[in-house]
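Working notes, structure below.
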Amino acid sequence: MTEAADTSRSLCVEANEQAIEQAAVHIREGRLVAFPTETVYGLGADATDPHAVARIFETKGRPRLDPLIVHVANIVAAKQFTTHWPALADQLAQTFWPGPLTMIMPRTSAIPDIVTGGLADVGLRVPAHPVARRLIETAQRPIAAPSANRFGRISPTRAEHVLAELGDAPDLAMVLDGGACERGVESTVVRLVSSPEPSIEVLRLGGIPLEQLERLAPVRVIRSNVDDNTQAAQASPGTLSRHYAPGTPLVVAADVAALVQSLHDAEESAALGLLCLNRQACGEARLDRAGLSVCELSPRGDLVEAAGQLFQTMRTMDAMGLTRIIALAVPERGLGRAINDRLMRASRP
Ligand code: TXA
Ligand code: MG
């Protein structure tokens, strides 16, 4: 056993009450703690402590201009950090919090510049995971936390992934192991627009499907996020086009015809991986091709289950020594939109 592996092991602790209390002390004293949320594991620090927050950027290798989400315990706490709380914010919060929704709101001076990359707005979210909630309550601090991966890499959905990404990071004091994250894709990031009528702009597709937001107000997706357009880059600097990337080249097949073509065009000697919702979704594509490994996100074709499996499956496939991963886009509805968004970003060179 190497020393590094030893250190990693003691870093990672089952998230029981005692461990959460210890983690809360780390947060209050300015150190970093990785913790589970219902979406992905976060790399947390006291959001009111600029030095602690700086360690997040260093540890991730993340550009300073890329703002962090601040995690709070409830609506009352969220209101302490924003100067504006319109009726629509209240409706969204009542409907989706605790849960995978981040609202970009005008911040108060309690949130230091470094958290938002100098932007006037802060991203606020009340996570649903019991460990995340308990940690925030025990630390009695708002917790700034990006996904606990190195910048540009696949978000971690298990404590093991955090260790693989950041196990050797000197400023990481503890990893709270709360098992696998259920939702599996990051929170939906929204901005509220007041005129001509109250409406919602989606800056990042995520764990709350559009269909559910649309029940409350008109929704516009800032699509250009995926296309690296400057307007979107300004709206949400973190939505860079390449993200969530495995080391293995990944291409997306938009439909079965494109999949059939990619399999046909591939060199005979290639070790190919096919990432798909399930075998049935692959239609007439030849899945018995020599050297093809098929990985299903949900054999029964459930998009919620598929979202939960996405990043873990990408990591597993990345370790298979494949020449290339071909990902078949999933149906563009419900969590399928967020899955396709992550696949597209993973495919950018
Ligand atoms: O589910 C999640 O959101 C996870 C868990 C840990 O909560 N967190 C997460 O954080 O995915 P991160 O840092 O990997 O992604 C945050 C996204 C980025 O795209 C960032 O640009 C956007 O939210 N964001 C955060 N604050 C913002 C702000 N003030 N204005 C615009 N966009 C913001
Ligand atoms: Mg991230």
Side-chain angles (χ1 to χ4, degrees), residues 37-40 42 47 60 62-72 78 81-82 84-86 88-89 91-93 95-97 99-107 111 115-127 144-147 149 151-152 155 183-195 197-244 307 332 334-346 348:
T37 80
E38 71 280 23
T39 59
V40 300
K60 276 191 64 120
R62 176 170 170 133
R64 287 283 182 117
L65 289 178
D66 188 348
L68 304 177
I69 294 172
V70 174
H71 300 71
V72 292
F81 301 108
T82 178
H84 184 58
W85 190 259
L88 182 54
Q91 266 181 297
L92 284 165
T95 310
F96 299 113
W97 281 355
L101 181 77
T102 297
M103 287 198 266
I104 307 297
M105 307 295 288
R107 67 172 157 137
I111 301 293
V115 171
T116 68
L119 295 175
D121 293 338
V122 60
L124 296 170
R125 152 161 139 82
V126 177
S147 49
N149 51 280
F151 181 66
S155 294
R183 188 51 43 127
V185 288
E186 299 86 343
S187 61
T188 301
V189 178
V190 303
R191 194 164 60 182
L192 308 190
V193 176
S194 55
S195 69
E197 58 176 332
S199 60
I200 302 166
E201 281 184 352
V202 173
L203 303 182
R204 179 175 72 180
L205 296 163
I208 300 288
L210 292 187
E211 292 88 339
Q212 291 186 21
L213 295 175
E214 279 164 352
R215 287 185 204 138
L216 295 190
V219 174
R220 189 164 79 100
V221 179
I222 310 287
R223 261 291 163 199
S224 31
N225 276 355
V226 184
D227 305 329
D228 217 9
N229 160 304
T230 45
Q231 187 203 339
Q234 279 164 13
S236 192
T239 49
L240 298 172
S241 89
R242 183 171 164 86
H243 228 109
Y244 314 100
E332 187 70 4
L335 292 181
R337 285 197 184 83
I339 295 174
N340 288 336
D341 171 82
R342 303 308 187 264
L343 292 175
M344 286 309 298
R345 291 172 197 276
R348 298 288 157 123

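Nothing fancy with the numbering, it's 1 onward along the sequence.
- With sequence neighbours left out, the salt bridge (Lys or Arg N to Asp or Glu O under 4.0 Å) criterion links Glu214 to no other residue.
- Pairing each heavy atom of Ala144 with each of His71, the nearest pair is C-ND1, 4.5 Å.
- Judged by distance alone, the side chains of Ser155 and Glu186 do bring a donor and an acceptor atom under 3.5 Å apart.
- A pairwise comparison of heavy atoms in Pro127 and Thr37 identifies CB-CB, 4.5 Å as the closest pair.
- Nearest heavy-atom pair across Pro218 and Pro198 is CD-O, 3.5 Å.
- In this structure, the separation between CG on Leu335 and CD1 on Ile208 is 8.5 Å, given to the nearest 0.5 Å.
- In terms of the side-chain hydrogen bond (donor to acceptor under 3.5 Å, both in side chains) criterion, Asp121 has no residue partners (sequence neighbours excluded).
- Taking the salt bridge (Lys or Arg N to Asp or Glu O under 4.0 Å) definition, one finds that Arg107 meets it with Asp113, sequence neighbours left out.
- In this structure a side-chain-to-backbone donor-acceptor pair under 3.5 Å is present from Thr82 to Pro106.
- Leu101 has its side chain out of reach of Ser187: every pair of non-hydrogen atoms, C-beta onward, lies at least 4.5 Å apart.
- Side-chain contact between Phe96 and Met103 is absent, with no heavy-atom pair separated by less than 4.5 Å.
- Atoms CG and CD1, on Leu124 and Ile104 in that order, are 8.0 Å from each other to the nearest 0.5 Å.
- Distance check, rounded to the nearest 0.5 Å: CD of Glu332 to CG of Leu205 gives 7.5 Å.
- Within the 4.5 Å cutoff, side-chain heavy atoms of Leu92 are placed close to those of Ile200.
- With rounding to the nearest 0.5 Å, the separation of NZ in Lys60 from CG in Leu68 is 8.5 Å.
- Taking both residues in full, the closest heavy atoms of Arg342 and Gly206 are given as NH2-CA, 3.9 Å, listed atom of the first, atom of the second, then distance.
- Nearest heavy atoms, Glu211 versus Gly334: OE2-N, 2.9 Å.
- Distance CZ/Arg191 to CZ/Arg220: 8.0 Å, rounded to 0.5 Å.
- Residues satisfying the salt bridge (Lys or Arg N to Asp or Glu O under 4.0 Å) test with Glu38, not counting sequence neighbours, are Arg125.
- One finds the CZ atom of Arg215 at 10.0 Å from the OG1 atom of Thr95 (value rounded to the nearest 0.5 Å).
- Counting heavy atoms from C-beta outward, Val40 and Asn149 have side chains that stay 4.5 Å or more apart.
- Residues Pro67 and Leu119 come closest through the heavy atom pair CG-CD1, 4.0 Å.
- Thr188 is linked by a side-chain hydrogen bond (donor to acceptor under 3.5 Å, both in side chains) to nothing, counting only residues two or more places apart in sequence or in another chain.
- Phe81 places none of its side-chain heavy atoms less than 4.5 Å from the side chain of Val115.
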Fill in: Trace of the salt bridge (Lys or Arg N to Asp or Glu O under 4.0 Å) decision for Asp341 with Arg345
CA-CA 6 Å; Asp341 171 82; Arg345 291 172 197 276; 2.9 Å; yes
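- Gln212 meets the side-chain hydrogen bond (donor to acceptor under 3.5 Å, both in side chains) test with no other residue; sequence neighbours excluded.
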